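The structure appears below as structure tokens.
Below, all heavy atoms of this structure are taken into account, side chains as well, without hydrogens, waters or symmetry copies. All of these numbers come straight from a predicted model, not from anything done at the bench.
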Amino acid sequence: MWCRISHLKNTKSVQGRTFLVPERKMRTHQVLALLLLVAIPSAASENSSTSRGCGLDLLPQYVSLCDLDAIWGIVVEAVAGAGALITLLLMLILLVRLPFIKDVEKRRPVCLYFLFLLGTLGLFGLTFAFIIRMDETICSMRRFLWGVLFALCFSCLLCQTWRIRRLVRQGTSPPGWQLVGLALCLMLVQVIIATEWLGLTVLRDSKPACAYEPMDFVMALIYDMVLLVVTLAQAFFTLCGKFLRWKLNGVFVLITSFLSVLIWVTWITMYLFGNAMIEHADSWSDPTLAIALAANGWVFIVFHAIPEIHCTLLPPLQENPPNYFDTSQPRMRETAFEEDVHLSRTYMENKAFSMDEHNAALRTAGFSNGSLGKRSPGSLGKRPTGSLGKRPSAPFRSNVYQPTEMAVVLNGGTIPTAPPSHTGRHLW
């Protein structure tokens with residue numbers, strides 16, 4: 001009976017005819033449908049775990065670098081990457097143009113500029129550590145490199161302020177090795193502070209590197225704040241001095257320090273109090289620190305590195321050009337008059353020739369040697385007669401021909417010949 005009923009279930013009648021339906025074909029469709037129902041939920045769960053804009057094989061800690069739902073990571077990543085490229089370009093330009101810098105005062109701080117650009121490049125690189133997710137290695141890098149890199153940049157700014165103060169007041173700057181040595185010594189203090197903080201919390205207390213309070217992070221950066229405030233205070237004194245050509249460099253250091261103070265006040269306020277007040281303390285802490293790093297790095301590049309490198313590559317200018325129209329102070333002759341006046345040979349020959357002509361004119365006028373102004377013994381009381389007492393006449397005065405300026409101009413710049421005398425020969 002049951003066999004017959006099951007046999008009838010597998011039959012199919014078409015136009016009064018009866019056909020058998022194979023059981024293997026029905027079982028295949030059922031298995032495919034079951035696999036499809038299982039695959040759809042698994043695919044949905046996989047798509048839900050993968051962020052939009054990221055690949056399937058990307059590690060979860062790097063999701064913020066490409067997650068389109070959290071756009072802040074992509075924006076900060078692009079800004080930091082552009083800053084790093086510009087910093088490398090500035091270092092390359094400074095290295096290539098270094099042999100062409102001839103001014104001694106501009107060559108001395110070149111090593112300090114390289115050190116400052118290296119610290120700025122580290123700030124842009126550290127920005128990526130605050131975009132990706134935290135682990136023990138990343139947290140250790142954050143806690144150590146933040147203060148050290150900022151200490152390096154602020155130390156270079158402080159040494160640059162010291163150099164500009166010397167240039168504005170005295171016209172000379174300290175040697176380059178003193179500037180670099182002072183900057184490294186100032187940075188070494190922050191290295192010791194960061195090392196002790198990590199050693200006391202991670203190694204001695206056996207705490208995770210990521211287990212730290214925001215207040216502890218800020219307190220470890222007090223030395224950086226001191227460097228920044230001292231740099232800002234010293235930058236005001238770079239505007240006082242007699243060498244005006246270096247005051248523009250002091251203005252750029254002052255602007256850089258002031259903007260850095262504003263950035264630090266903003267990110268510390270948001271990191272300690274602002275994010276907690278808007279109930280985003282956990283989710284907005286890393287974006288706050290990443291934005292602060294990128295913003296301060298761009299301030300260093302735009303307001304200090306680019307102007308200083310531009311001024312360094314400019315050709316040297318004359319410090320105090322002489323003002324020939326300044327009559328307020330008397331001018332002293334540096335050489336004797338005889339050293340300045342060089343009489344030409346032609347002038348000396350003409351002078352000797354004129355003396356000969358002068359003697360000839362005296363003889364023509366009737367005066368002999370020693371007879372000028374003398375009388376004979378027998379001629380006392382008598383008026384001198386003849387040629388002895390005769391006064392030089394017009395031919396004596398006309399023997400020496402002196403052309404005027406107009407005559408020289410009309411003659412084309414050459415001295416014209418003298419007119420012939422009554423004897424028929426030229427006297428000049």
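Few gaps surround CZ on F114; more than 12 heavy atoms of other groups in view lie less than 6.0 Å from it. Atom OH of Y62 has 12 or fewer heavy atoms from other residues, nucleotides or ligands within 6.0 Å.
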Inset, instruction - Assess whether side-chain contact (heavy atoms from CB on, under 4.5 Å) is satisfied between V202 and S140, documenting all intermediate values. - result: CA-CA 9 Å; V202 178; S140 300; 5.6 Å; no
Inset, instruction - Given side-chain contact (heavy atoms from CB on, under 4.5 Å), test M225 with L228 step by step and report yes or no. - result: CA-CA 5 Å; M225 302 177 197; L228 180 57; 5.6 Å; no
Inset, instruction - Evaluate the criterion side-chain contact (heavy atoms from CB on, under 4.5 Å) for residue pair T120 and C153; output intermediate values, then yes/no. - result: CA-CA 7 Å; T120 306; C153 295; 4.1 Å; yes
Inset, instruction - Show the numbers, then the answer: is there a side-chain contact (heavy atoms from CB on, under 4.5 Å) between F124 and W298? - result: CA-CA 9 Å; F124 287 122; W298 272 101; 3.7 Å; yes
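Shortest non-hydrogen contact noted between F217 and R143 is CE1-CA, 4.3 Å. Nearest heavy atoms, T201 versus W197: OG1-O, 2.7 Å. Listed here is the closest heavy atom pair of F130 and W72: O-CH2, 3.8 Å. In this structure, F150 and N296 approach most closely via the heavy-atom pair CE2-OD1, 3.3 Å. Residues S173 and R163 share a closest heavy-atom pair of CB-CG, 3.7 Å. When all heavy atoms of E105 and L167 are compared, the pair lying nearest together is OE1-CD2, 3.4 Å.
The distance from atom CZ of F128 to atom CG of L65, rounded to the nearest 0.5 Å, is 7.5 Å. Taking CG of L117 as the reference point, atom CG of L88 lies at 9.5 Å (rounded to 0.5 Å). Within the model, atoms OG1 of T312 and CD1 of I101 stand 6.0 Å from one another, a figure rounded to the nearest 0.5 Å. We find the CD-CZ distance between Q190 and F144 to be 9.0 Å, quoted to the nearest 0.5 Å. Taking CD1 of I164 as the reference point, atom CG of L254 lies at 10.5 Å (rounded to 0.5 Å). Atoms CG and CG, from D224 and L152 in turn, are 10.5 Å apart once rounded to the nearest 0.5 Å.
In this structure, F303 and E308 have side chains that are not in contact, with every pair of non-hydrogen atoms separated by 4.5 Å or more. Side-chain contact between V253 and S257: present, with at least one pair of heavy atoms (C-beta onward) separated by less than 4.5 Å. When side chains are defined from C-beta on, P307 does not count as touching N249, because their heavy atoms never get closer than 4.5 Å. Counting only heavy atoms from C-beta outward, the side chains of V76 and P287 never approach each other to under 4.5 Å. For the pair S260/V299, a side-chain contact is recorded, criterion being any heavy-atom separation below 4.5 Å from C-beta on. Counting heavy atoms from C-beta outward, I193 and I222 have side chains that stay 4.5 Å or more apart. The side-chain heavy atoms of L149 and L293, taken from C-beta on, include no pair separated by under 4.5 Å. Looking only at side-chain heavy atoms (C-beta outward), F237 and R169 come within less than 4.5 Å of each other.
When atom types are taken as modelled, the side chain of E136 and the backbone of A209 share a donor-acceptor pair closer than 3.5 angstrom. Checked by atom type and distance alone, the side chain of Y223 pairs as donor or acceptor with a backbone atom of L186 at under 3.5 Å. Checking side-chain atoms of K247 against main-chain N and O of T238 turns up no donor-acceptor pair under 3.5 Å. Of the possible donor and acceptor atoms, one in the side chain of K106 sits under 3.5 Å from a partner among the backbone N and O of L314.
One finds a salt bridge joining R245 and D103 here, because a Lys/Arg side-chain nitrogen approaches an Asp/Glu carboxylate oxygen to under 4.0 Å. Under 4.0 Å is where a charged nitrogen must lie from a carboxylate oxygen, and between R142 and D286 at least one such pair does.
By the 30° and 60° cut-offs, the orientation of the rings of W267 relative to W264 is perpendicular.
The only option from Q234, Q160, Q170 that meets the side chain to side chain donor-acceptor pair (under 3.5 Å) definition with R165 turns out to be Q234.
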